[in-house]
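Scroll down for the structure; my scribbles are underneath it.
Just so it is clear: chains get the letters A, B, ... in the order the sequence lines come, proteins before strands, and each one is counted from 1. Both backbone and side-chain heavy atoms feed into the values below; hydrogens, waters and symmetry mates do not.
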Protein chains: 2
Amino acid sequence: MTRNSLAEKNCSLARALDVVGEWWSLLVVREAFFGTRRFQDFVDNLGIARNILSSRLKRLVAEGVLSRAERADGGVDYALTPKGEALMPVLVALMQWGDTFANAEPAPVVLTDRATGTPIAPLSVRAADGRVLTPQDMRAVPGPGADAQLRARLMPRSSKR
Amino acid sequence: MTRNSLAEKNCSLARALDVVGEWWSLLVVREAFFGTRRFQDFVDNLGIARNILSSRLKRLVAEGVLSRAERADGGVDYALTPKGEALMPVLVALMQWGDTFANAEPAPVVLTDRATGTPIAPLSVRAADGRVLTPQDMRAVPGPGADAQLRARLMPRSSKR
DNA sequence: GATGGTGGTTGCATATCAAAACCGTGAACG
DNA sequence: CGTTCACGGTTTTGATATGCAACCACCATC
């Protein structure tokens, strides 16, 4: 069954998921962050089926998240593009959520600041002035690209929230 | 084909994806953030098939991301739990990435600070002392819960990166 | 030339997703 | 009380996604 494409939705989250929301995609990107370059290493490190990996790599290259380059020795390297690197907050957020809520054991991986060797801070959603915000502190409002339906959905409602 | 379960992986990201990585799950969570409570409203707002929604809601309730409560009028409300609300940075990160890279149009949704009405800041990954970090500023090291394989993979390597 | 490493591709079985129809329950209304 | 409608699902069916295993083409090395 073809999955409902999220590519046309008036929603950046849906569009992002259209690119990286398939099973395995974010793990492939994470592997690239860890320095994995070669097809077989992705297979070994992820335990992913070769055909699925091939398909995911192809998609991620086509979307500009990864680049594919042939080495002088005839091999192939995959590497993150700047667009791919921009997914770092996504991966960090998921990993930190997983550390807290989805993993019964202590954290398997700690992300550290190279300069100090200390663990990075938990991600926080912040206001423009730097204050940390909770979900209740925030409001979703229609942006410049909102369509009529979305605009109607996000209009202020009296005491519905 | 049964998807390779990510539930046993020595990796918090994989474990998080095991909970919320199925097609539609994060969009369901996003809808709950927007205040959607009722089954039919999820269907209408997401354009999701009823059986898939039922399955996703069941899973998210079982995992403690959403709670399910029956109303006095006989209806059912789904709402985020604190565990679910903790996914906010994930959703914000994906949405901001989508705004920048996956959506050709201007942002459909702007998240604002209720207090000031101004848009929230872009998410940044920070060091403990507040400095903003790039991927190159960071290092993944084995945490207390790392298994032997992961430990070996994350050992320092000379000029491999 | 033979071998092995590499990056895939192919065929097949099973699970997942989507569309559509259906079902059970309870509230509201006449 | 009976009927209707809203609601939250469940079931059936078929197309596509995923995984396993085998295979293939190409290139470097010996």
Residues 46-55 of chain A, side-chain donor-acceptor partners within the protein, below 3.5 Å, at least two apart:
| unit_1 | atom_1 | unit_2 | atom_2 | d |
| --- | --- | --- | --- | --- |
| A:Arg50 | NH1 | A:Gln40 | OE1 | 2.8 |
| A:Arg50 | NH2 | A:Gln40 | OE1 | 3.4 |

Grab the CD1-P distance between A:Ile52 and C:dG7 for me, whole Å please. 18 Å
Would you mind telling me which of D:dG8, D:dG9, C:dG8 lies closest to the side-chain atoms of B:Tyr78? D:dG9
What's the CG-P distance between B:Asp77 and D:dC7, to the nearest Å? 12 Å
Taking DNA chain D as the partner, which of residues 22-30 of chain A come within under 4.0 angstrom of it by heavy atom? A:Trp23, A:Trp24
To the nearest Å, how far apart are B:Leu53 CG and C:dA18 P? 11 Å
Atom-pair distance (CZ on B:Phe42; P on D:dG9), nearest Å: 11 Å
Closer than 4.0 angstrom, basic N to acidic O: yes or no for A:Arg3 and A:Asp18? no
Whole-Å distance, A:Asp73 CG to D:dA28 P, equals 8 Å
DNA chain C nearest-nucleotide lookup for B:Gly74 and A:Gln40: closer to the 5′ end is A:Gln40
Looking at C:dG8, I'd like to know if its phosphate oxygens (OP1 or OP2) sit under 4.0 Å from a side-chain N or O belonging to A:Ser54. no
Pairs involving residues 73-122 of chain B, ordered by first then second residue, that meet ring-ring contact (aromatic ring centres under 6.0 Å, His included) (sequence neighbours left out): B:Trp97-B:Phe101
Quick check: does any side chain N or O of A:Arg15 sit under 3.5 Å from a backbone N or O of A:Lys9, one acting as donor and the other as acceptor? yes
Respond yes when some side-chain nitrogen or oxygen of A:Arg68 is under 4.0 Å from OP1 or OP2 of C:dG7, and no when none is. no
Grouping ILVMFWY residues whenever side-chain heavy atoms fall under 4.5 Å, the cluster of A:Val141 otherwise contains B:Val110
According to side chain to side chain contact (heavy atoms under 4.5 Å, CB included), who are the partners of A:Thr100, at least two apart in sequence or on a separate chain? none
Any B:Arg71 side-chain nitrogen or oxygen under 4.0 Å from OP1 or OP2 of C:dA27: no
Neighbours of DNA chain D within residues 58-66 of chain A, by heavy-atom distance under 4.0 Å: none
What residues form a side-chain hydrogen bond (donor to acceptor under 3.5 Å, both in side chains) with A:Thr116, not counting sequence neighbours? A:Asp113, A:Thr118
What integer distance in Å separates B:Asp41:CG from D:dG8:C1'? 12 Å
Report the residues that fulfil side-chain hydrogen bond (donor to acceptor under 3.5 Å, both in side chains) with B:Glu31, sequence neighbours left out, ordered by chain and then residue number. A:Arg153, B:Thr36, B:Asn45
side-chain hydrogen bond (donor to acceptor under 3.5 Å, both in side chains) involving B:Asn4 - partner list, sequence neighbours excluded: none
Side chain of B:Phe39 (C-beta onward), nearest among D:dT18, D:dG8, C:dG8: D:dG8
Please give, in whole Å, the distance from C:dA18 C1' to B:Leu46 CG? 14 Å
Going by the rule side-chain hydrogen bond (donor to acceptor under 3.5 Å, both in side chains), which residues pair with A:Glu22 if we only count those two or more places apart in sequence or in a different chain? none
Nucleotide N/O of nucleotides 20-23 of chain D paired with protein N/O under 3.5 Å:
| unit_1 | atom_1 | unit_2 | atom_2 | d |
| --- | --- | --- | --- | --- |
| D:dC20 | N4 | A:Asn51 | OD1 | 3.1 |
| D:dC20 | N4 | A:Asn51 | ND2 | 2.9 |

With distance as the sole test, does A:Arg71 use its side chain to make a donor-acceptor pair with the main-chain N or O of A:Val76 at under 3.5 Å? yes
Just how far, in rounded Å, is C1' of C:dG7 from CZ of A:Arg37? 17 Å
Co-members of the apolar cluster containing B:Val132 [side chain, <4.5 Å]: none
